[in-house]
Amino acid sequence: MSVPAVSRTALPARSAGTPVRVVGLSVTPPRLADVTTTSSATSDDAVLDGPRPRLLLVDGHSLAYRAFFALPAENFSTSTGQVTNAVYGFTSMLINLLRDEAPTHVGVAFDVSKRTFRTEEYPEYKAGRASTPTEFLGQVDLVKEVLAALRIRVVTKEGYEADDVIATLTGAARAQGAEVLVVTGDRDAFQLVDDATTVLYPRKGVSDLARMTPAAVEEKYGVRPERYGDLAALVGESSDNLPGVPGVGPKTAAKWLTAHGDLEGLVAGVGSLTGKAGQSLRDHLDQVLRNKRLNAPVRDLELPVVVDDLAVRPWDREEVHRVFDGLEFRVLRDRLFATLSADEPEVDGGFAVSAERPAGEDAAAWLAAHAAPGGPASGVAVLGRWSGGAGDAWGLALAGADGATAWFDLRELSPEAESALAAWLADESAPKVLHDAKTALHALAERGTPLEGLSADTALAAYLCQPDQRSYDLADLAVRFLQRELRVDEGSSDPGEEQGVLDLDGDASGPDEGQLACVRAAATLELSQVLAQQVEQRGGTALLRDLELPLVPLLAQMEADGIAVDTTALERLEGEFAEVVADAAEEAYAAIGGQKINLGSPKQLQVVLFEQLGMPKTKRTKTGYTTDAEALADLNVRQPHPFLDHLLRHRDASRLRQTVEGLLKSVAADGRIHTTFQQTIAATGRLSSTDPNLQNIPIRTAEGRRIREAFVVGRDAEVLLTADYSQIEMRIMAHLSGDEGLIEAFRSGEDLHRFVGARVFGVEPADVTGEMRAKIKAMSYGLAYGLSAFGLSRQLTIPVDEARGLMDDYFARFGGVRDYLRGVVEEARATGFTETVLGRRRYLPDLTSDNRQRREIAERMALNAPIQGSAADVIKLAMLGVERALRSQDLRSRLLLQVHDELVVDVAPGEREAVEALLREEMGTRVQERTRLSVPLDVSVGVGASWHEAGH
DNA sequence: GGAAGAACGTA
DNA sequence: CGTACGTTCTTCCG
């Protein structure tokens, strides 16, 4: 028996819901005829034994119809007006099936006409159904076009239904030992289920399929699959217009069938049935038998195809492009090629590394031979750590473009090797590729070894490609983009030795340390090449090269500098807040009869509030009722109680105390706080700050602002300066939307919300009241987040109708904004991504989800990402400009922090005026020019001895 | 010891 | 039924 290899057809055992690796469509499937039944055809284990064929049979009409109702038609139409929701949903589901089930054979069955042998016997069969919408009918042919492009056979039989075709093919395939998957929304197919035949039944939408195995059928209906037809005959099937026995439901029917074996046995013993149900069955026996004849699928049709004809064939790529282009399915086409375009290489092998250990003069020789300045980039992996202002580097591995790797233990480096290495690292003309370069820069800096010539950072490149990922672990990237494990290739290591994976944060001691570091360096270098192409494909090359990459050393420097804090002031504050906490806690306990509950426990609070005090229930959370500040304040209005006051005071004070304690803990030996800016976390392109987070230091309340007083000007500086953009997101909105009114608002220099309010309310700007302005402000900002009328009404505590009216009035005056917001979502749905002013993309596949909640979340993300992301582009660009200007003017002032729309600078003595001018110029004019923004960028600057004083 | 949830700080 | 984050605490689980 010769079995053509299907790569990895030995499928892994799968549990429900576990996606299965792709088997390329272009591989040659086994011919069923070649695969004589091995072992027992009904054993699930057979799947693991070899290339057992898997036949996927789809009820085309049924699935497309499902998709038609699951996906909103208004979101799925081509520019010519053709509605495509059913084709889209069907195709999406098909791609998922091909990916997850990896069938070797596929067929799609369609009904051909309304007239079948069933309507001959029973004219009312399937009568009473709502007539099929015309927008659907037109899409059936489109579905067939898609199938043709994918070279999937369509099977029909005049006078019969898709179900009969499926039943016949199932029987034939099973006889040949194949496994069968039937995808249909017709429950009659459950009769086909057996140990190797599974029905995938759409539960809801187009992505949620119930896996109906024998056990699943039995659990749901109480009978084995082969008896399902009997059960349905008794109970009836409303969608087929087959009435059941009155008074008999699935429970009774299952009970009877179990007792009598099957319908035949039940009919034979019908006389012995007791009760009303029994009599009802005797009265409707003919109808039951007719139901049975009609719902039993025909299993022995003469078909124009045999199972072998359904073997998966390589699709017609040109045709796929033509059809998908016509349907404007850009995202889906990409998904198709990404997940199914064959030849996805197996994850195999690691990295063969030479891992030389050049010492002394050999170090210089190695560098000259394998990593010469002016040549191609080398991979660099640094073993080290840095956090909160302190760190160390103890090892360094290099991978030359020629494949050679070398490893240096920085703790025992000879002076010759050390100087050779340091010179190479500092040589800008020796290009270097790192993964997470910022950490490496810090670690090396601890050894007094600057690194220049950073030409790529694989973590950043991966981030630009897939910004929604939360981490960009080198090992994961190696598997995903290189199909390799991050380990020493077997050929070059001791086969008896356990393969370790080096953890950068670990102790990194042990015999393999150097080798594994070399693997990292080699992987980084290889990865950078693959990722460079990926970035290029996404139009992100300039963004990476000119923005994100140059930002790395700047962020490293900001982190290393840190910001000075007045620890004495912080300690004093901690004490004050602690007193308030203790006081508030005492009074809170007293207010509830001296119970000493944990005021920080929502669970215990709920007992007190809703059970003991009998307060009205608040909004639900997953685990109970919310006790958040808003809800508590609301309760306090409806049912005032001193406990609530003390609780809220306690909350505020303990949070402030926590914040202060956290800050105190992170003050480094130099009296400064060194945060870490994360450059690859926020999907929109923003930075984030951790350990500690200096981007969420309180500012709204007077008490909170006292914390800002403890961030002070540094020892060698004269004053602290903050520069922030005013209304940057609204300005971006004005630019992106091109709305004339909004652009004019910014060019006029008038207060934005006053200007907009005047237009919306139809009054003079001077007559815009504070209340009006507040409403406009909330709405303007809300728009950038996808705020609904409901949300706006809730936030402003006004009726929904009023909120809706407000939005309507707004859009009537600023139609460009409405058009933009609508257009940005539609475009993202079509292309699969949103884009910022600098071409930063965010991919949002959920925009075409059939799950409304997911889709709407994605829509709000699509609204916000270009705005928030462009603002992030703007300030990043500004930071680079500011830094460059500081250097070129030989100023000693230092950029310390970035808080999304604000920069904080330690101003060196005598530089205040120069720095302020420079900041205004770079943040404002220069950035506006470079991004070609149609509105000016307004920058406000403040100075003071503390962050609080410098603020505005 | 880690995960999940609730709560809340910033832009 | 408003986006993007990070931190802290409690609670629950193993």
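Just so it is clear: chains get the letters A, B, ... in the order the sequence lines come, proteins before strands, and each one is counted from 1. These numbers come from a predicted model, not from an experiment.
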Novice: Just compare B:dA11, B:dA6, C:dT7 and give me whichever is closest to any side-chain atom of A:Arg700.
Specialist: B:dA11
Novice: Side chain of A:Gln795, base of C:dG2: donor and acceptor closer than 3.5 Å?
Specialist: yes
Novice: Using OP1 and OP2 only, check whether a side-chain N or O of A:Thr621 sits under 4.0 Å from B:dG5.
Specialist: no
Novice: Starting the side chain at C-beta, find the nucleotide from C:dT10, C:dC1, C:dT7 nearest to A:Ser788.
Specialist: C:dC1
Novice: For A:Leu792, answer base if it contacts any base atom (sugar-phosphate contacts may also be present), sugar-phosphate if it contacts only those atoms, and nothing otherwise; contact means non-hydrogen atoms under 4.0 Å.
Specialist: nothing
Novice: Using OP1 and OP2 only, check whether a side-chain N or O of A:Ser688 sits under 4.0 Å from C:dG6.
Specialist: yes
Novice: Search all heavy atoms of A:His900 against all heavy atoms of A:Leu687 and return the closest pair with its distance.
Specialist: CE1-O, 3.4 Å
Novice: Return the residues of residues 640-659 of chain A meeting this criterion: a heavy atom under 4.0 Å from some atom of DNA chain B. Order them by number, or give none.
Specialist: A:Arg651, A:Arg655
Novice: Contact class for A:Ile681 (heavy atom, under 4.0 Å): base, sugar-phosphate, or nothing?
Specialist: sugar-phosphate
Novice: Let's test your reading of the model: under 3.5 Å, does the base of B:dG9 pair with the side chain of A:Asn696 as donor and acceptor?
Specialist: yes
Novice: Check whether any side-chain heavy atom of A:Glu703 sits under 4.5 Å from a side-chain heavy atom of A:Asp652, and report yes or no.
Specialist: no
Novice: Starting the side chain at C-beta, find the nucleotide from B:dG5, B:dC8, C:dC1 nearest to A:Asp628.
Specialist: B:dC8
Novice: Taking any heavy-atom pair under 4.0 Å as a contact, classify A:Ala784: base, sugar-phosphate, or nothing.
Specialist: nothing
Novice: Once you round it to whole Å, what is the distance between P of B:dG9 and CD1 of A:Ile697?
Specialist: 12 Å
Novice: Which whole-number value in Å describes the distance from A:Leu663 CG to C:dG6 C1'?
Specialist: 13 Å
Novice: What's A:Ala629 touching, base or sugar-phosphate or nothing? Going by heavy atoms closer than 4.0 Å.
Specialist: sugar-phosphate
Novice: Report which part of the nucleic acid A:Arg852 touches: base, sugar-phosphate, or nothing (heavy-atom distance under 4.0 Å, all strands).
Specialist: nothing
